[in-house]
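Throughout, residue positions are numbered sequentially from 1 according to the sequence presented. What you see is a predicted model; the values in this text were computed from it and never measured.
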Amino acid sequence: MRGVVMYGPGDVRVEEREDPKIEEPTDAVIRVSASCICGSDLWPYRGFDPADHQVMGHEYVGVVEEVGSAVRELEVGDFVVGSFVISDNTCEICRAGYQSKCVHGTFVAESIGTQAERARIPHADGTLVRTPEHPGPELIPSLLAASDVLGTGWFGAVAADAGPGRTVAVVGDGAVGLMGVLAARELGAERIIAMSRHADRQELARFYGATDIVEERGEAGVEKVRELTGGLGAHSVIEAVGTQESMMQAIDSARPGGHIGYVGVSHDVELPGGPLFFSTVHLHGGPAPVRRFLPDLVRRIWDREIDPGRVFDLSLPLEEAAEGYAAMDERRSIKAFLTL
């Protein structure tokens, strides 16, 4: 089969990979219908994370082609949406709603790589969610978004305690931040402040429910948020970048007693004890337990209540994945959709 392999920073190739097969009774093999490039894929692309012949991709939808003998919830021919973390969905941690830390959990990006024609999905019953029927092509981008960025933005909003009567600030205007805006709206937030300097992303943020746009960053951005909130700060802040600057901007933008949902993949973030102590904020986040939210998100998409697929602004065939990486790295694209 054909699949994306990253040889090193800036070096992405599409080449022949071994066809997946059933290895454990709980496995399923799926034919991938669509995949995409994640903002987190840019960390190794830019050389911040190691990548040496690394299979790439962790967002995926597709059709079940084969199931192991212990798979009970899925059948050959089902159309499925999968999480970016493998989970059995039965262990004590999964039952508590943290499937991204399942005792049998592994990251799809590290072990499977779904920017490919096919994929073996371990613990298929616990990782995959089938759709009511095979979707039309117009729904596939939105269902693919649910595999990671929508579920991650949703977790960021939940972790930030977004809801009715709340003002939510979103730090980061990438795909996850934009999905955080959508989630905050769906959860009933009264006011949503999107922090963005880019006109195309600002427009999409407003489409998804942003009521205010803040272009400033750092201390100036914090001051603007406080100005918009009567000097108090936001009730809820979604941190969707993962840098020192973005985390401190999130903490400083929250009011005393406020909640911060941090879902940006952290790189060299260190929290100073004094400012953190005196901020009196709640911090909650990490790798999103997308599987917790998938059934509800699939239903909302199926019923046309939400349209997260608009976050894809570039569509390329799998063979042109390298151009998708370059476009996202150069901020010519928010998120690249890969067709198979």
Side-chain angles (χ1 to χ4, degrees), residues 3-12 34-61 81-87 99-101 105-116 119 127 144-157 159 170-180 183 201 238-247 250 261-269 285-291 293 308 311-314 321-322 324-338:
V4 175
V5 179
M6 187 178 292
Y7 277 65
D11 187 358
V12 173
S35 187
C36 57
I37 300 169
C38 184
S40 64
D41 293 333
L42 298 181
W43 291 106
Y45 186 80
R46 293 168 174 163
F48 290 100
D49 289 341
D52 181 7
H53 295 73
Q54 174 67 52
V55 296
M56 297 301 295
H58 55 267
E59 298 160 282
Y60 56 102
V61 295
V81 183
S83 167
F84 70 91
V85 181
I86 300 301
S87 61
Q99 291 90 337
S100 56
K101 298 296 291 183
T106 56
F107 284 98
V108 171
E110 296 175 358
S111 58
I112 297 168
T114 54
Q115 290 169 10
T127 303
L144 179 60
S147 184
D148 181 356
V149 288
L150 174 59
T152 295
W154 202 277
F155 177 55
V170 182
V171 180
D173 63 356
V176 170
L178 291 167
M179 293 298 95
R201 299 172 188 232
I238 301 170
E239 191 285 308
V241 182
T243 64
Q244 182 74 23
E245 180 184 17
S246 62
M247 178 61 89
Y262 58 96
V263 290
V265 180
S266 179
H267 281 75
D268 299 323
V269 175
V290 169
R291 181 60 177 82
F293 307 111
V311 78
F312 295 106
D313 58 351
L314 177 63
Y325 275 84
M328 288 179 62
D329 178 47
E330 297 162 11
R331 298 186 75 85
R332 291 185 283 113
S333 171
I334 299 172
K335 191 166 181 66
F337 182 87
L338 299 178

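Contact between Ala157 and Ala183 at its shortest, heavy atoms only, is CB-CB, 3.7 Å. Heavy-atom minimum distance, Asp313 versus Ser333: OD1-OG, 2.8 Å. Contact detail for Phe293 and Gly151: the closest heavy-atom pair is CD1-O, 4.0 Å. Of all heavy-atom pairs spanning Gly324 and Ala336, the tightest one is CA-CB, 4.1 Å. Summarising the geometry of Ala321 relative to Val4, their closest heavy-atom pair is CB-CG2, 3.6 Å, with the distance given to 0.1 Å. Taking each heavy atom of Pro9 and Gly47 in turn, the nearest pair found is CG-CA, 3.8 Å.
Exactly one of Ile86, Thr106, Val81 qualifies for a side-chain contact (heavy atoms from CB on, under 4.5 Å) with Thr127. That residue is Ile86.
A distance of 5.5 Å separates CD of Gln115 from CG of Leu338, quoted to the nearest 0.5 Å. Put simply, CG on Leu314 and CZ on Phe337 are 11.0 Å apart, with the number rounded to the nearest 0.5 Å. Taken from OG in Ser40 to CG in Asp148, the straight-line distance is 6.5 Å, to the nearest 0.5 Å. Taking CD1 of Ile334 as the start and CE of Met328 as the end, the distance is 9.5 Å to the nearest 0.5 Å. Remark: Thr152 OG1 to Leu150 CG distance equals 8.5 Å, nearest 0.5 Å. To the nearest 0.5 Å, atom OG of residue Ser266 and atom CD of residue Gln244 are 8.5 Å apart.
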Discussion item. Would Asp52 and Gln54 count as a side-chain contact (heavy atoms from CB on, under 4.5 Å) here? Give the steps.
Written reply: CA-CA 5 Å; Asp52 181 7; Gln54 174 67 52; over 6 Å; no
Worksheet entry | Working for side-chain contact (heavy atoms from CB on, under 4.5 Å), residues Lys335 and Ile37 | CA-CA 6 Å; Lys335 191 166 181 66; Ile37 300 169; 5.9 Å; no
Fill in: Trace of the side-chain contact (heavy atoms from CB on, under 4.5 Å) decision for Val85 with Val108
CA-CA 6 Å; Val85 181; Val108 171; over 6 Å; no
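Between Arg46 and Asp329 a salt bridge is recorded (basic side-chain N to carboxylate O distance below 4.0 Å). The pair Arg331-Asp173 counts as a salt bridge, with a side-chain nitrogen and a carboxylate oxygen less than 4.0 angstrom apart.
Met56 has its side chain out of reach of Val5: every pair of non-hydrogen atoms, C-beta onward, lies at least 4.5 Å apart. Val269 has its side chain out of reach of Tyr262: every pair of non-hydrogen atoms, C-beta onward, lies at least 4.5 Å apart. Contact of the Cys38 side chain with the Glu59 side chain is registered, since non-hydrogen atoms from C-beta on lie closer than 4.5 Å. Side-chain contact between Val265 and Trp43 is present, with at least one heavy-atom pair separated by less than 4.5 Å. Contact of the Ile112 side chain with the His58 side chain is not registered, since no non-hydrogen atoms from C-beta on lie closer than 4.5 Å. Side-chain contact between Val176 and Val263 is present, with heavy atoms from C-beta onward closer than 4.5 Å. Contact annotation: the side chain of Gln99 never approaches that of Ser83 to less than 4.5 Å [non-hydrogen atoms, C-beta and beyond]. Between Tyr45 and Met6, some side-chain heavy-atom pair lies under the 4.5 Å cut-off.
Ring orientation note: the planes of Phe107 and Phe84 are close to parallel, at an angle under 30° on the 30°/60° scale.
Tyr7 OH: more than 12 foreign heavy atoms inside a 6.0 Å radius.
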